[in-house]
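All remarks here apply to the structure that follows.
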There are 2 protein chains.
Amino acid sequence: MKATLEDTIQSIYLLPEQALKDVLEHFHHQEYPKNYFLLKPGKTCKHLWFMTKGVARYFYTNDQGKEMNTWFSLDTQIITDTTSFVKQEPAQESIQLIEDSEMYSIEYTALQALLQKHHSFALWYIKLVELNYVTQIEDRLSDLQFLDAKQRYQKLLNLYPEIANRISLGNIASYLNITQETLSRIRADKL
Amino acid sequence: MKATLEDTIQSIYLLPEQALKDVLEHFHHQEYPKNYFLLKPGKTCKHLWFMTKGVARYFYTNDQGKEMNTWFSLDTQIITDTTSFVKQEPAQESIQLIEDSEMYSIEYTALQALLQKHHSFALWYIKLVELNYVTQIEDRLSDLQFLDAKQRYQKLLNLYPEIANRISLGNIASYLNITQETLSRIRADKL
DNA sequence: GATAGCTTTTGATGTAGAACAAAAACTGAT
DNA sequence: ATCAGTTTTTGTTCTACATCAAAAGCTATC
């Protein structure tokens, strides 16, 4: 059974009926094909997306032109380039879909207006930022600091059991900050 | 010239007079000596601190008992264990002062009450979280992913020119995720 | 079912930084 | 000034993972 946008919103922080109605009117449903770019470097991130189906990857392109994944969003996650979105300044990373995907989105300006208009929505947004941005990033940070490649891979598998089927080895390796050769050896249990 | 607590608060997001007054009444001034622990693992972080003078380090103790620094706060920064504070669950890390320090603090419950009471304070807290937590952690995350030890050290020196005088080599090395031997060699320019 | 284009695996060699050990340089208290 | 404790430096060896190269396995299209 598929969660509705309303369920997702209410699960973050309960909004009174009036505010909820107003908020829902500012979200728009969209479908995008595999390989579509939600964000490219140099562009300012204008949206907060609630993905309902699909997969996205976040990546940087380094000086040698190599793409380095920093994050994946699977199915029911929130997507945005936090730094670009909150500061409304040009992004440095790309966000690209790696499956056909469906999502709801709200624009930065609409979000700001709703934050000013509804005290309850401001409290909702606090929960969203605290739980979805802060906690997630901190987790990832401590993984990078304390775990080796194999442990990071196992933790990723635990978090997203389907990841091995839906995301290519190269993309996962890049996220883990190791080469695909190393990840292949980890899978074959030679490391 | 020393910034007041009021200046610091207002620089994040301007509060109307009534809310500001109410907020200021819930902050308390404190002084703690060098080596004092603001937080120990297993304890829930109940405070948000605004340091006005001093230095703190954040660290984990790993299974082998080795302390690993994850962050420093110098002088005018905001201190808290974000994950423990926002979820009100036991912390995994320690926060310890490495100089005699002065700060203002507000308690979790007081903060929550103020968020409910003042719409403007909720908007203020959104800015605080967006700029002080999110942006900072994301920065650190991308450093860890893309820069080698020497580049990370140079960036740290750039950000806090006084750090080399106020924080020991061992503590800095631990933060950079390298051994003190390696940092010593970087300083001597042998790497 | 042959061809082309990806993706994954296997092998050999190289390197940044760890680990261990010990010396040298500070710091501070007596 | 002297001794004890801490912090920093120097030297050697070791290891996780990178890099380069090539083979093997998929998948899709005509």
Side-chain angles (χ1 to χ4, degrees), chain A residues 33-35 55 57 59-70 72 96-100 142-157 160 162-191, chain B residues 33-35 55 57 59-70 72 96-100 140 143-157 160 162-191:
Chain A
K34 181 175 170 167
N35 294 326
V55 180
R57 69 176 179 125
F59 69 94
Y60 284 79
T61 306
N62 74 6
D63 305 340
Q64 292 87 258
K66 196 174 136 202
E67 295 177 357
M68 310 181 72
N69 294 148
T70 57
F72 299 113
Q96 186 186 25
L97 301 177
I98 54 185
E99 282 181 10
D100 294 346
S142 80
D143 287 358
L144 264 177
Q145 287 192 284
F146 302 130
L147 307 180
D148 66 18
K150 185 165 190 172
Q151 292 170 315
R152 290 203 308 275
Y153 180 59
Q154 276 155 352
K155 206 170 158 187
L156 184 67
L157 274 188
Y160 303 120
E162 358 76 286
I163 208 166
N165 308 319
R166 291 174 73 181
I167 302 183
S168 75
L169 175 134
N171 267 330
I172 296 173
S174 164
Y175 170 79
L176 293 170
N177 241 355
I178 58 177
T179 59
Q180 15 184 329
E181 293 92 328
T182 299
L183 180 53
S184 176
R185 283 184 248 261
I186 286 172
R187 279 190 176 169
D189 213 14
K190 289 174 185 156
L191 268 180
Chain B
K34 182 174 168 165
N35 295 326
V55 180
R57 69 175 179 125
F59 69 93
Y60 284 79
T61 307
N62 73 9
D63 306 339
Q64 292 86 256
K66 196 173 137 203
E67 296 178 356
M68 309 180 72
N69 293 149
T70 56
F72 298 113
Q96 186 187 26
L97 301 176
I98 54 185
E99 283 182 10
D100 294 349
R140 174 135 169 67
D143 287 359
L144 264 178
Q145 288 193 283
F146 303 130
L147 306 181
D148 65 19
K150 185 164 191 174
Q151 292 171 315
R152 291 204 306 277
Y153 180 58
Q154 276 155 353
K155 205 171 157 184
L156 184 68
L157 275 187
Y160 302 120
E162 357 74 290
I163 207 167
N165 308 318
R166 292 174 73 179
I167 302 182
S168 76
L169 176 133
N171 268 330
I172 296 174
S174 165
Y175 169 79
L176 292 170
N177 240 355
I178 56 178
T179 59
Q180 15 183 328
E181 294 92 328
T182 299
L183 180 54
S184 177
R185 284 184 246 263
I186 286 173
R187 278 190 176 168
D189 212 14
K190 288 173 188 158
L191 269 180

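Labels below follow one simple rule: chain letters A, B, ... track the order of the sequence lines, proteins then strands, and each chain is numbered from 1.
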I'd like to check A:Leu176 versus A:Thr182 (side-chain heavy atoms, cut-off strictly below 4.5 Å). Are they in contact? no
Per atom distances to the B:Arg185 side chain, the nearest of D:dG11, D:dT9, D:dC17 is D:dG11
Tell me which nucleotide among D:dT10, D:dT8, C:dG17 gets nearest to the side chain of B:Ile178. C:dG17
Between C:dC20 and B:Glu181, counting only base atoms on the nucleotide and side-chain atoms on the residue, is there a donor-acceptor pair under 3.5 Å? yes
Nearest whole angstrom, please: distance from the C1' of D:dT27 to the CG of A:Asn165. 16 Å
Could you give the CG-to-P distance, from A:Asn35 to C:dC6, as a whole number of Å? 12 Å
Rounded to whole Å, CD1 of B:Ile167 lies from P of D:dT8 at a distance of 12 Å
Determine whether A:Arg187 and A:Ile172 make a side-chain contact, defined as any pair of heavy atoms from C-beta on separated by less than 4.5 Å. yes
Using OP1 and OP2 only, check whether a side-chain N or O of A:Thr182 sits under 4.0 Å from D:dC17. no
Roughly how bent is the helix from C:dG1-D:dC30 to C:dT30-D:dA1 end to end, in steps of 10 degrees, with each end axis from five pairs? 40°
Would the distance check show the side chain of A:Gln96 and the main-chain N or O of A:Asn35 forming a donor-acceptor pair, the cut-off being under 3.5 Å? yes
Of all the nucleotides listed (C:dA21, D:dC17, D:dT8), which has the minimum atom distance to the side chain of B:Gln180? D:dT8
Looking across every strand, which nucleic acid part, if any, lies under 4.0 Å from A:Ser184 by heavy atom: base, sugar-phosphate, or nothing? base
Separation of atom CG in A:Asp148 from atom C1' in C:dA18, rounded to whole Å: 13 Å
Run the side chain to side chain contact (heavy atoms under 4.5 Å, CB included) test on B:Arg152 and B:Leu144 for me, step by step, so that the C-alpha distance in whole Å, both residues' side-chain angles and the decisive distance to 0.1 Å come before the verdict. CA-CA 8 Å; B:Arg152 291 204 306 277; B:Leu144 264 178; 4.1 Å; yes
In whole angstroms, the gap separating P of C:dA18 from NZ of B:Lys150 amounts to 15 Å
Rounded off to whole Å, could you give me the CZ-to-C1' distance for the A:Phe146 and C:dA18 pair? 16 Å
What is the distance from CG of A:Leu169 to C1' of D:dC26, rounded to the nearest Å? 13 Å
What contact category does A:Thr179 fall into here, base, sugar-phosphate, or nothing, at under 4.0 angstrom with non-hydrogen atoms? base
From the set D:dT7, C:dT10, C:dA18, return the single nucleotide nearest to any side-chain atom of A:Ala188. C:dT10
For A:Asn69, run the side chain to side chain contact (heavy atoms under 4.5 Å, CB included) check against A:Ile98, A:Asn171, A:Asn177 and tell me which one passes. A:Asn171
Measure the distance from CZ on B:Arg152 to P on C:dA16 and round it to the nearest whole Å. 14 Å
So do A:Lys34 and A:Leu97 actually touch side chain to side chain, heavy atoms under 4.5 Å? no
Would you mind classifying the nucleic acid contact of A:Asn177 as base, sugar-phosphate or nothing, using non-hydrogen atoms under 4.0 angstrom? sugar-phosphate
Centroid separation B:Phe72 to B:Tyr175 less than 6.0 Å: yes
